[in-house]
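Please read the structure below before turning to the comments.
Owing to the predicted nature of the structure, the values given are computational and were not obtained by experimental measurement. All values below were derived from every heavy atom in this structure, side-chain atoms included, with hydrogens, water molecules and symmetry-related copies excluded. Ligands are counted one by one from 1 in listed order, and the atoms in each one are counted from 1 as well.
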Amino acid sequence: MFKRNRRLRETRNIRDLVRETIITPADFIFPIFVVEGENIKEEISSMPGNYHFSLDRLHEIIEEVEEVGLRGVMLFGLPEHKDEVGCGAYDKDGIVQRAVRKVREISKDLFIITDVCMCQYTNHGHCGILEGSKVDNDKSLKYIAEIALSHARVGADMIAPSDMMDGHVEAIRTILDDNGFKDISIMAYSAKYSSAFYGPFREAANSSPQFGDRKTYQMDPANIREAMREIECDIEEGADIIMVKPALSYLDVIRWARDRYDVPVAAYSVSGEFAMVKAAAKQGLIDEKAIAMEMHISMKRAGADIIITYYALDLCRWLKE
Ligand code: PBG
């Protein structure tokens with residue numbers, strides 16, 4: 001006799017009762033871009049609905065974030081000056097450092113995560129220090145650690161290194177511990193792929209490499225076992241949370257990570273994923289709300305505990321409807 005699986009889909013009530021995956025505002029982290037200058041709230045053309053904020057207007061978005069019920073933000077800074085070693089990234093009065101202080105001023109308990117990388121700050125646009133035309137891993141570590149420390153000093157709750165240097169989590173954990181920041185956690189961009197989905201972000205953050213690409217440090221999209229090695233290294237080095245990035249084309253990687261490791265797994269639904277949906281919605285090709293909800297539910301279903309997404313504000317609003 002065949003089985004009547006449709007019984008459990010008969011009405012909305014029963015469908016709600018048997019739903020396996022639920023997304024809530026507590027799952028999401030919202031990325032925010034901060035720029036130098038005054039009175040700036042400028043829409044990022046590659047990412048409609050996202051803005052560059054100057055510090056004096058940062059409260060507008062932070063208030064919105066709190067209003068919709070989000071718990072955390074991730075801050076990205078665009079400095080005025082770039083140089084060979086990206087010294088703006090670890091300046092105690094750099095753009096992100098001031099932004100962290102500002103957010104803390106506006107909100108006592110919003111969770112603040114900072115992205116640790118150099119590509120927005122170096123004039124060559126690579127994520128580390130160059131030796132000739134190569135990104136030198138070990139030289140970069142010293143700088144990466146200093147950036148993380150400067151974020152901790154101004155009040156970041158969690159440090160998220162996205163540079164993909166080997167040994168960066170250990171370097172960061174060590175410098176944080178040595179300076180009394182034992183309770184500041186690390187969310188490592190462990191399985192970060194060399195992805196075309198970052199295109200709109202690089203426009204938003206003005207962080208494209210000026211020559212070559214990031215293939216010598218970011219991962220080949222074809223590999224999943226390698227992602228597990230990256231994750232394992234980061235956990236051993238002291239990562240509290242590991243991340244898979246991008247999300248949508250890497251749901252299998254999220255699932256493997258979830259099944260193999262017990263640490264929380266974050267997924268970063270990146271700029272290209274967001275921009276594609278926005279563009280298709282603008283043309284009337286898809287139902288934006290339904291598509292965005294489905295995308296984020298699938299990331300959670302794949303095993304993500306935390307989702308970093310440009311859709312965070314919209315999702316929170318839609319979830320309330
Ligand atoms: C910095 C960084 C990038 C993203 C997050 N941190 C860009 C890159 O690695 O090129 C991408 C985020 C997105 O596309 O939304 N290294």
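Counting only heavy atoms of the protein, atom 4 (C) of ligand 1 lies nearest to Lys245 NZ, 2.6 Å. Remark: minimum distance from atom 9 (O) of ligand 1 to any protein heavy atom is reached at Lys192 NZ, 2.6 Å. Here the heavy atom of the protein found nearest to atom 15 (O) of ligand 1 is Tyr310 OH, 2.6 Å.
Contact atoms of ligand 1 toward Cys117: 1 (C), 16 (N) (distance under 4.0 Å to a heavy atom of the residue). Within ligand 1, the atoms closer than 4.0 Å to a non-hydrogen atom of Cys119 are 1 (C), 16 (N), numbered from 1 in the order shown. The contact set between ligand 1 and Arg214, taken as ligand atoms under 4.0 Å from a residue heavy atom, comprises 8 (C), 9 (O), 10 (O). For ligand 1, the atoms closer than 4.0 angstrom to any heavy atom of Gln218 are 8 (C), 9 (O).
Criterion: ILVMFWY side-chain heavy atoms under 4.5 Å apart, direct or through other members. Under it, Val169 and Ile308 are not part of a common hydrophobic cluster.
Taking a 4.0 Å cut-off on heavy atoms, Tyr268 registers as neighbouring ligand 1. Look at Met164 and you'll find every heavy atom at least 4.0 Å from all atoms of ligand 1. The closest approach between a heavy atom of Met118 and any atom of ligand 1 is not below 4.0 Å. Residue contact annotation: Ser162 has a non-hydrogen atom under 4.0 Å from ligand 1.
Ring geometry for Tyr268 versus Phe76: interplanar angle of 30 to 60°, hence tilted.
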- Message: Would Ile29 and Val73 count as a side chain to side chain contact (heavy atoms under 4.5 Å, CB included) here? Give the steps.
- Response: CA-CA 5 Å; Ile29 301 287; Val73 292; 5.5 Å; no
- Task: Give the intermediate values and the outcome of side chain to side chain contact (heavy atoms under 4.5 Å, CB included) for residues Leu141 and Glu170.
- Result: CA-CA 9 Å; Leu141 291 180; Glu170 182 179 86; over 6 Å; no
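For the pair Arg255 (side chain) and Arg301 (backbone), a donor-acceptor distance under 3.5 Å is present.
For Glu294, the CD atom counts as loosely surrounded, since its 6.0 Å shell holds 12 or fewer non-hydrogen atoms of other residues, nucleotides or ligands. The 12-atom threshold is not exceeded at CD of Glu42, counting heavy atoms of other residues, nucleotides or ligands nearer than 6.0 Å.
Both the backbone and the side chain of Ser271 come within 4.0 Å of ligand 1, counting heavy atoms alone. If you look at Asp163 next to ligand 1, there are no close heavy atoms at all, none under 4.0 Å.
Taking Lys289 as the reference, Asp287, Met293, Trp318, Glu321 meet the side-chain contact (heavy atoms from CB on, under 4.5 Å) condition, with sequence neighbours excluded. Every residue two or more places apart in sequence or in another chain that forms a ring pair (Phe, Tyr, Trp, His ring centres under 6.0 Å) with Phe274 is listed here: Tyr310, Tyr311.
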